[in-house]
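One structure below.
Being a predicted model, the structure only gives us computed values, none of them experimental. Atom set for the values below is all heavy atoms of this structure, side chains included, hydrogens, waters and symmetry mates excluded. The chains referred to below are lettered A, B, ... by the order of the sequence lines, with proteins before strands, and numbering in each begins at 1.
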Amino acid sequence: MADLLNDLNPEQLAAVTLPAQHALVLAGAGSGKTRVLTTRIAWLIQTGNASPHSVLGVTFTNKAAREMMTRLSTLVPMSLRGMWVGTFHGLCNRLLRAHHRDAGLPQTFTILDTQDQLAVVKRVMKSMHADEERFPPRQVQYFINDAKEEGRRPSQVEVHDEFTRRYAEYYAAYDELCQKEGTVDFAELLLRSHELLANNQPIREHYQGRFRYLLIDEFQDTNRLQYRWLKLLCGPQAVMFAVGDDDQSIYRFRGANVGNMTDFERDFQVKNLIRLEQNYRSHGNILKAANTLIASNRNRLGKNLWTEAGDGEPLRVFEARSDIEEAAWLVEEVQALVREGHARRDIAVLYRSNAQSRVVEHALFSAGISYRVYGGLRFFERLEVKHALAYLRLAANPADDAALLRVVNFPTRGIGARAMEMLQDTAAAARCSLWDAIPKVAGKAGGSLAGFARLIESLRSEAAGLPLPEVVELVLHKSGLVAHYKAEREGADRVENLEELVNAAAAFVQEEGLAGAPAYVLDAEPLESNEFQSAAGVAASTGSPDDVGDGVGRNEVGNIGVAAGATPPGDDPATEFQDPLAAFLAHASLESGENQAGEGSDAVQMMTAHSAKGLEFHNVFITGLEEGLFPHENSLNEDEGLEEERRLMYVAITRARTRLYLSFAQSRMLHGQTRYNVASRFFDELPRNLMKWLTPTLARSQRDADPWSGSASAPAPRQASQSAQAMPFRVGQNVSHAKFGAGIIVDAEGSGSDARVRINFGGAHGLKWLALEYAKLTAG
DNA sequence: AATCCGTCTATTTTT
DNA sequence: TAGACGGATT
């Protein structure tokens, strides 16, 4: 126990040992957030406050969930089975599998990823003869997801005009098709389990009674529905421990609602607001830069990072004439760093948009420096892997229309558009799945389709009873996928990926403790279909606890399970309600897999500022710091957009441990055109005295020469560094003014009677220059 | 059934 | 600029 709390700073310690009350932890970048979260759980368990059974840990990414579990298992000696730690979607999946009947879903429901969802939308719209010019399927998809994230079913969508009317129609048809086919998209996982809890009192009370400690990571990234889901799960005896950083909220565009933080404070009457401001990552100058920059944002809860480490080096700023020159300079600096003994993996190149990577890649490649670009296609999203998964889905459930459509003629087996049209008409007429319609199709088309049906049948029977990796192996070969790609000129990588899928299955089975178990058995559980025709039906047909009686033991798993007519919820991994094959398919949808191989290699790391969140590097380059690019032009219309860009820049800056380079180019090739940009406004929002300009003269006659360069290139530099000494205040410091209230120092210059500071008071007062001679300022 | 060609588009991303 | 997509061609 003493070990557990060792080396925690006072704020961390306070957060970890907080009494059982709702709490909001404002965790700055590099402040030991994950440590606090995991130590909190370990402390709750070790002090006997909580059993693992009563803990629910929620994260956004599988990576974060895994890290939490790994760290916990080193902190807590006892078994952590029974603890629920996972992503929102993973946990919802688990709830819905356990209570599929109450949720109106078949136990074997399949999860649609973004691509799959778009394919279903297109299929729906085709069947409705929609004008895809006027109503782009992609837009319809966004519309559906937005609606779901606001908790709205098709009937609840507000219809203003023809467009929203059509969109709502497509949404309704889409939901109906998903219900018929037993598929669930990502947003649906959330919405459906929210409805399950909202409408089914026994189930809700069961989980509310069980989970006494809810701990949420990256709270600033939650969307409205996720917050409502948490509220529903957090019963009267439960406490919520939310950790987040409003300054690192960079996902507004995908529905994240920072407002959830203040809503949480209000809704739960949070008395414990803890700020973790001590930073263990970066040198002082980097933190000062970050603090100063973010102080220009008005909508903040307020926070100021500090460190016990020294100031370190200044920020190095480079102005290039072109993107190519910028890349060439970067390569030189990288080479110098490597010569100095830095590992390439400890150098990161960050940029605002993916298109910017090309020039840098080209330059690094020509210089023979190995690099790794984050982003792009993930393992389970690859075409060949998707095909293989579709065959597996058909093995699990031949009535999976989407899977059938994907591979019925891949590899090609003479089933063309005519045959498929007949099949779809037949299925529509008989109101059955495509699979069930195959025997009803006559003629030549029927013949080729029957051949496909025989293939799937024999696949199913041969694979039945085999362990999962062998099933995958069998599917790859019997389907003809491997042969197909082997015959293709550029197919080597694809064959490799297919073989990798066998490994992935083996690893999965190993991790879940299912090695050797049959992947599935034939006719295990009859697929119960469509008890509910639409999602609305869930509300209508559940939620009546009449048959339960009042005496339901709230904490007793068995009772509730029987009463609610569901499989009793248990403690085991997500596989508890499914056979290994179904679990693996869910896993493939919920965890898209690693981005790329070569993670271990010593390569320069290239990524967008977004994907850098949560990471740290000794040396960081932030490139393309130009107006229109970063901040991005599409964000400049509203304040909210600009503030989010600034937060993104804040995230980027705080990735650096010791050295930070900032660069921009006067001209850049974008969309096949040369664009001429000016330096990003963010340069004006950073303290001048912290920046060392590597390019003294180019187009910045307005700027002051900096005190960091040995030979002053401008005649009479303002002496920022000296004034910093004579100045009783420093940039980044919190101060308070009699009239304007609390603020933060954003800039400082002059000395003696000339000394003045620029303060951001936020709110109505905003930014102000104040002369120290007159203004009465107090620290803090 | 594969290939070619013109057209369109272009911020950020996890599940 | 370059990749993706859809339609038309061979």
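- The aromatic ring centres of A:Phe135 and A:Phe163 sit less than 6.0 Å apart.
- Atom pair A:Lys148:NZ and B:dT15:C1' shows a separation of 14 Å (rounding to whole Å applied).
- The distance between atom CG of A:Asp323 and atom P of C:dT1, rounded to the nearest whole Å, is 13 Å.
- In this structure, A:Gln356 places its CD atom 15 Å from C1' of C:dT1, rounding to the nearest Å.
- Side chain of A:Asn409 to main chain of A:Ile415: a donor-acceptor pair is present (N/O by atom type, distance under 3.5 Å, no hydrogens or angles).
- A donor-acceptor distance shorter than 3.5 angstrom exists from the side chain of A:Gln226 to the backbone of A:Asn223, with no hydrogens or angles considered.
- Look at CE on A:Met420: it is 12 Å from P on B:dA1, rounded to the nearest Å.
- Atom P of nucleotide B:dT14 and atom CG of A:Leu377 are separated by 12 Å, given to the nearest angstrom.
- Residue A:Asn409 is in sugar-phosphate contact alone, with no base atom involved, counting any heavy-atom pair closer than 4.0 Å across all strands shown.
- To the nearest angstrom, C1' of B:dT3 lies 13 Å from CD of A:Glu488.
- Between the CD atom of A:Gln115 and the C1' atom of B:dT14 there is a distance of 14 Å, given to the nearest Å.
- When the side chain to side chain contact (heavy atoms under 4.5 Å, CB included) test is applied to A:His632, the partners found at least two apart in sequence or on another chain are A:Arg352, A:Asn634, A:Ser635, A:Glu645.
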Contact state string [nucleotides 4-13 of chain B, B base, S sugar-phosphate only, - no protein heavy atom under 4.0 Å]: ------BBBB
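- Side-chain N or O atoms of A:Glu384 include none that pairs as donor or acceptor with a backbone N or O of A:Val495 at under 3.5 Å.
- For the salt bridge (charged side-chain N to carboxylate O under 4.0 Å, His left out) test, no residue two or more places apart in sequence or in another chain qualifies with A:Lys122.
- Between A:Thr412 and the phosphate of B:dA1, there is no side-chain N or O to OP1/OP2 separation shorter than 4.0 Å.
- If you find the closest nucleotide of DNA chain B to A:Asp113 and to A:His484, the one lying nearer the 5' end belongs to A:His484.
- In terms of the side chain to side chain contact (heavy atoms under 4.5 Å, CB included) criterion, residue partners of A:Asn299 (sequence neighbours excluded) are, by chain and number, A:Glu640, A:Glu643.
- Within 4.0 Å of A:Thr114, counting heavy atoms only, lies at least one base atom of the nucleic acid.
- In this structure A:Asp323 satisfies the side chain to side chain contact (heavy atoms under 4.5 Å, CB included) test together with A:Val359, A:Arg668, A:Met669, sequence neighbours excluded.
- Within 4.0 Å (heavy atoms only), A:Gly414 reaches sugar-phosphate atoms of the nucleic acid but no base atom.
- Here B:dT14 presents its C1' atom at 9 Å from CZ of A:Phe60, a figure rounded to the nearest Å.
- Between C:dC5 and B:dT12, the distance separating the two P atoms is 16 Å to the nearest Å.
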Base versus backbone protein contacts along nucleotides 2-10 of chain C [heavy-atom cut-off under 4.0 Å; B, S, -]: S---S----
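- In this structure, A:Tyr207 has its ring center under 6.0 Å from that of A:His99.
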